[in-house]
Each structure stands twice: as C-alpha cells, then as structure tokens.
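Notes to accompany the following structure.
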Protein chains: 2
Amino acid sequence: MAPRLVDIAKHLNISVSTVSRVINGKDRVSDETREKVLKAIKELNYSPNEIARSLRNRSSKTIGIIVPDISNQFFALLSKGAEAVAKNNGYLLILCNSDYDEDMEKEYLEMLTQKQVDGIVIATVCKDEKYFERILDSSIPTVFVDNLPQIKRNYNFVTIDNEKAAFDLTQHLIDKGYKEIAVITGKLQETSALERLEGWKRAMKENGLKINNDLIGIGDFKIESGYKIMKKMLENGKKPEALLAANNFIAYGAIRAIREKDLRVPEDIYVVCFDATDDTGLMSINLPSIVQPAEKIGEIALDIIIKRLNNKEFKIFDKVILEPTFINVMN
Amino acid sequence: MAPRLVDIAKHLNISVSTVSRVINGKDRVSDETREKVLKAIKELNYSPNEIARSLRNRSSKTIGIIVPDISNQFFALLSKGAEAVAKNNGYLLILCNSDYDEDMEKEYLEMLTQKQVDGIVIATVCKDEKYFERILDSSIPTVFVDNLPQIKRNYNFVTIDNEKAAFDLTQHLIDKGYKEIAVITGKLQETSALERLEGWKRAMKENGLKINNDLIGIGDFKIESGYKIMKKMLENGKKPEALLAANNFIAYGAIRAIREKDLRVPEDIYVVCFDATDDTGLMSINLPSIVQPAEKIGEIALDIIIKRLNNKEFKIFDKVILEPTFINVMN
DNA sequence: CACATGTGTAAAAACGTTTACACAAAATTA
DNA sequence: TAATTTTGTGTAAACGTTTTTACACATGTG
C-alpha cells in the first residue's frame, strides 16, 4: 500500500496537518520539522494522492480534449500543442476521439464533466444548439477549435478564416487556368466544411465561372468519403480539371480514386487541399495546400483555458482567428 | 453548484445511501423509491462526481499513455486504438507526450501515478533499469509498446520483430541490386532503433556486403535528424545507392536533404523506411515501407491492461509480437 | 510584570461518494 | 401464532487530502 500523509505523520509522531503544510509549502513550519518531514517523505517514498487532493481542492488538474480523429495529423498536432501547454501549467490532458460521431462526442462531454475536468477543448461535429448551450452554461471553461457552433451567443474559439482560405485556394486554381474545378467537402453542419464550400463558391462566382453541381461533393472528412465521391464523379464522366479537397483525408481518398482510373495528379487532375502539411516533404510535392497552424491552435486554446482558470473576471476572450500558410513547394 | 447526492436525498427526504444505491443499481431498493429517485435525478440534473467516486473506490477509471511524439502517425494511431478500447471499458485516456525526453517521460510517469491511473501504456525512450524496476514493482498494470526495456525481468509488451523487419527491408533493397545501402536509425538505447540497425547489419553480412561505417547514421527519430545525417553523408561525398530509414520521420528528413542536393528519390537514392503508412496514398508512391499495425498495438496493449484489471490472477501476459505489413505500392 | 504579538503545531471539519452494519417492517415458514 | 427470513432503508465510517480554528508557548513592549 502506498504511504499516506498519515503514515508520514505517525512515523514522525506529528500531525497530518503539519506534514501537509510542508508539502504544500505555503504555511508556517519550522525549519527543523520541515527537514524531518522531507526526509521521511524520501524514506517512505511518499507521493501525494492526486485524487484526494482533487476532491478537496475541487480541481482535478486535468483538461479534456475532444477531437474527431486523432490519427489526422491536424488533430494530432493540435492535441500536441494543447498537451504541452497543459503540462507546463501542471495539468494533464484527457484525450477523447469522437470518430466524427455526434453521440460519442456528447457521451465524452458527459464523462469529462463527471471527471471534473477543469477545462475543455472541443472540435465539435455536432449542430445541436441545446447541447452547445449546456456546455456554455456549465462552469467549465470551454474553447472551441476548428469547427464552430453556429449560435448567437459569445464563446471562446480558435480557428482560421476558412471561407477566405478556400477562396484563396480556389483562386490559385483559377489563376493557373483551370475552369472546371470540383470541390469535395465534409458535412455541412460543420462550419469548416460549410465555409470552405462557400469560399469555393465565391471564388467561382467572382471569376465568372459556372457552378456545376455535378462537381460539388458533400461527404465527410474521412478518406473513404473522398475516395467514393471522386470515384463516382469520374465514373459519371464528370472529370474535373482540378479539385479542391476540404481536408487532407478527402484529398488522399480522391487521389486514390483518380489513380485507380489511371489518371495522374496533378497532370490530369490538379489537386489542392487543406492541411496536407509538408512535414513529410513528400505529400506537398504536388499538393498545394492551405496549412493551419494546428499546434498553435492547440496552444492558444489551452492558453485561454488557463487564463480563464486563473482569472475569474476574464470570462469571454472572444475569438482568435489565425493565419494559415499556403504551401506550394513545387511552384 | 452542481447538485450532490445529498441534495437529491434532501429533496426527497430520504438518505444518501438510498440514492447512491439506485444510482449504482446493485443493491435492494423498492421500485417505488427507485422511480422517485430517478425522477429527482432528472429534475435536478444530477451527475455523479467521478473524483469522489474514484477516491472511495480506489480507481480513477483512467489509463495513462506516454508516447514520444503524438504527431507521428504511428503514435497517433496507437493512441487511437488504445483510446477506443479504454472508452469501451469505461475508462478515459490521459495522453502524455514525452517529446523523446527521458526526464519528461519520468515526470509524466510520476504525475500519472499520483493521478492514480489504473493502468499505463508506455512507449519508453529511457534506458534506466531502476526506473523500469520501479514501474514494474508498482501495482499499476503497465504495458510497454514499440520500444522495450532491456531488462531480465518479465513484463507485458506489444511490438513487432524489429530485427526481422529491418532485415526484410534491407533484403528487399539487396534483391533490387543495391549494394551501397545506408541506414539511419535512432538512439541505440531504444530497442526499436537498435534492432533495426541489427537487422540491417545481418542482411548486409548474410549477403556478403561490406558494412561501411560511413553509411551508418545514428541520430534520433525526428525529422531533423534524418535531414542532418543524410545531408552530412552527401556533403562528405558518401552518396549511398539506397537508404533504410528506421522510421518515417527520418525518411522524410533524409528525403528533404536528398532533394536539396538535386538528387531524386528513388532514382538516385532509393529510400525505404518504417511506418510510412499508405493511408495518404501519397507517401507510399516511392517509399516501400514496413508498416506496423499501430492501431492494433494500442488496442492490444489496452486489452492486456483491462484483463489484468479484471482478473487479479492474470499478472504477466508475457508478450505480443505482431506481424507488420510490407507496403510497396509501385512495384 | 502584565500584556500584546508572533510562531509553530494539533484537532477537526470538510470535499462527495460507497458500503458495512443495524434494524424495523413485511413476508414466509413451521 | 411464533419463529424465521427477506426486504428496504438509515446511520456512520471510510477514501486521503487541505484548511480553518484554536491553542500553547515564546518573545517583545510599555
């Protein structure tokens, strides 16, 4: 059995409170007793029970994060950034992978709440307004990332301007001379999916290009989705000249479908997307991409939480909109 | 303030224990009271405080996982697998990113212990035997993944046969006619790094090829490492015909260095590596790779923990060695 | 020498649960 | 009908901390 405060106390024939005081170091203890206690702690190899502390202190020293897919580099980096800042402030990070499932996400939220997490970062896939209200009414500081609740109310978030980014990416395609530009995006209830579609639309319109519904694909942000939609497009004889994929996974799936039809990227279909980071030095070869500062997003989200935790007055740090980077190595 | 058990009890004029019993559902309560309580729980929107439960039950219902770099697809997938199984069994996952730093890893272990986690999955970067002993002496079920402690004692682990995998990969290069084959690996205190180097060595020897120390690079598993080592090799005029990179990141870095010298992959230097998964459909183009079943590894690691948690007799499930897949799309 | 002030420590009450124990009332058995 | 068992509930003691309160004692002050 791991030694407890009371074991140290008994061992030294002093009271628990004294031992506690030297551990927490913020109350008066004589140097002599402090030494004794510190020595005993070493000897008995005492280590505080954080659960008991949490109960007493009403703070679990943990932050929850809910992402749709941790195996997506974007969310992995985001989590990494969040985790680092959490750790630096004495918090541990509880990772939840919602798998793009609304019910799962809600379940996780409930679990995190029960676990008394001190803060939550959430890349939501839900649209349910009641659910968002519930989150924001709770006393747990919450920051939304990537995907935002579409509600009137103010809340904390960190993201990029998706509409503009998609616009820029599409403009890039148009500037290169492409006219038949397809777009594949995620579920429109997710703002990142919706706004990217809208950016594409605006670019098409502003450049006087026809918006062809056959070239609009709406699926989800998974590889399979990109694959199936592109495959169908091609099999329906709707080969576009270029494709805007609303995230990296869609692009990967689409490229697989393209190659299966013995077409080449980018020669036959020029593909651009979001968040195909160039870390690998491989992906970016022919995949111009808008890359979000994922790690930064996670860091800032956690900064906001920590700030709110330390400073009760500071309630709504309205919004942080970061600048993404346009990566286009081969041009 | 969130309602507590006692609030429900008072509201109904019954005792806390009765309320607790209906919540936990495994003790006798009359149907009538049960209904009442359930109704009150709904009305007052009660949700149990998991911290208090943890303290009382001596189980935090959390599992800790320590990985060197969550932004590496391999560890992201591993975590994803672990998380899914944890969740299915009512546990949440605490994610720790050691950043390949030994002290950081130890710090995390301490934090997890204090947090009373019920189990630990760890991809260690340490070599310190004392540290491993401490882990294994503790009462917390621990499973090692990827990288293994080099100690006599039995412990749980899930990994692949790295030596054989590296041998196979090298043999593949040799079969393709390459003779001057470089290898870049991580710190040799990590078994995955060491064993991959040894697999390369054995393949070279068994095929009667010269082992040229100039073509052995030892760094770490980060991109920069692959970049610097390959750059130096090339600048020293030691251009190999092919390269075995001990992980994906090393390969990415090396490829960047190769390209900077205006050389092409695979025409000028043929590169193979570990864990460049083909999920993207992009990386694998010219990068034959041994891909570990990362998600599976995480799942099995968690299975072991759950089993040990549920069945006190089952203490040491010796080892699980999984088969990796050889991916070589373009051949 | 009375009195305030300062210092170190102990005792005890939380924090929100679960559960062993006790016990009355109801149901069953002899 | 008496004895026994079953059923439902309440009481109180944990789980391992932190912190408030109180108090004993030393030191300094007029």
Side-chain angles (χ1 to χ4, degrees), chain A residues 1-38 40-41 44-62 90 111 113-118 139-140, chain B residues 1-38 40-41 44-62 90 110-118 139-140:
Chain A
M1 217 54 224
R4 301 155 302 164
L5 230 37
V6 58
D7 297 315
I8 307 273
K10 275 194 189 133
H11 182 250
L12 296 176
N13 235 335
I14 60 178
S15 81
V16 233
S17 49
T18 303
V19 184
S20 171
R21 273 191 293 254
V22 357
I23 286 170
N24 293 290
K26 56 187 166 191
D27 218 336
R28 292 175 311 206
V29 184
S30 73
D31 289 351
E32 189 192 10
T33 354
R34 186 190 321 282
E35 293 307 318
K36 270 198 325 198
V37 171
L38 256 23
I41 286 179
L44 301 191
N45 193 21
Y46 170 79
S47 167
N49 180 320
E50 197 61 45
I51 292 289
R53 274 190 167 165
S54 299
L55 181 59
R56 166 69 213 208
N57 293 338
R58 292 188 155 82
S59 158
S60 67
K61 285 293 183 178
T62 53
M111 289 175 84
T113 308
Q114 295 187 179
K115 212 75 143 209
Q116 313 293 115
V117 293
D118 297 320
S139 56
I140 307 177
Chain B
M1 216 56 222
R4 301 153 302 163
L5 229 36
V6 58
D7 298 316
I8 309 272
K10 276 195 189 131
H11 182 250
L12 295 176
N13 235 336
I14 60 179
S15 81
V16 237
S17 51
T18 303
V19 184
S20 171
R21 274 192 288 254
V22 356
I23 286 169
N24 293 290
K26 54 186 168 193
D27 218 337
R28 292 176 310 207
V29 184
S30 75
D31 290 349
E32 189 191 10
T33 4
R34 185 189 324 282
E35 293 307 319
K36 268 197 324 198
V37 171
L38 257 22
I41 286 178
L44 302 191
N45 193 23
Y46 170 79
S47 168
N49 180 322
E50 198 60 46
I51 292 287
R53 273 190 169 167
S54 298
L55 180 59
R56 169 68 212 210
N57 293 338
R58 293 188 155 81
S59 156
S60 66
K61 286 293 184 180
T62 52
E110 175 66 14
M111 288 175 85
L112 290 175
T113 309
Q114 295 186 181
K115 212 76 147 206
Q116 313 293 115
V117 293
D118 298 320
S139 57
I140 308 177

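Chain naming here is simple, since letters A, B, ... match the order of the sequence lines and numbering starts at 1 in each.
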CZ of B:Arg28 to CZ of B:Arg34, rounded to nearest 0.5 Å, is 12.0 Å
Please examine the side chains of A:Ser54 and A:Gln116, heavy atoms only from C-beta on, and report whether any two atoms are closer than 4.5 Å. no
Salt-bridged, A:Asp7 to A:Lys10, with N to O below 4.0 Å? no
Length of the CD1-P vector between B:Ile8 and C:dT18, whole Å: 12 Å
Atom pair distance, as rounded to whole Å: CD1 in A:Ile51 and P in D:dT17: 11 Å
Could you check if a side-chain atom of A:Asp118 sits within less than 4.5 angstrom of a side-chain atom of A:Arg58, using non-hydrogen atoms only? no
In whole Å, I'd like the distance from the NZ atom of B:Lys26 to the P atom of D:dT7. 19 Å
If you measure from CG on B:Leu112 to CD on A:Glu50, what distance do you get to the nearest 0.5 Å? 11.0 Å
Calculate the interatomic distance between A:Leu12 atom CG and C:dG8 atom P; express it in whole Å. 18 Å
Could you encode protein contacts along nucleotides 9-16 of chain C as a string, one character per nucleotide from 5' to 3', using B for base contact, S for sugar-phosphate-only contact and - for no contact, with a heavy-atom cut-off of under 4.0 Å? BBB-BBBB
For residues B:Gln114 and A:Ile51, determine if any side-chain heavy atom of one lies less than 4.5 Å from a side-chain heavy atom of the other. no
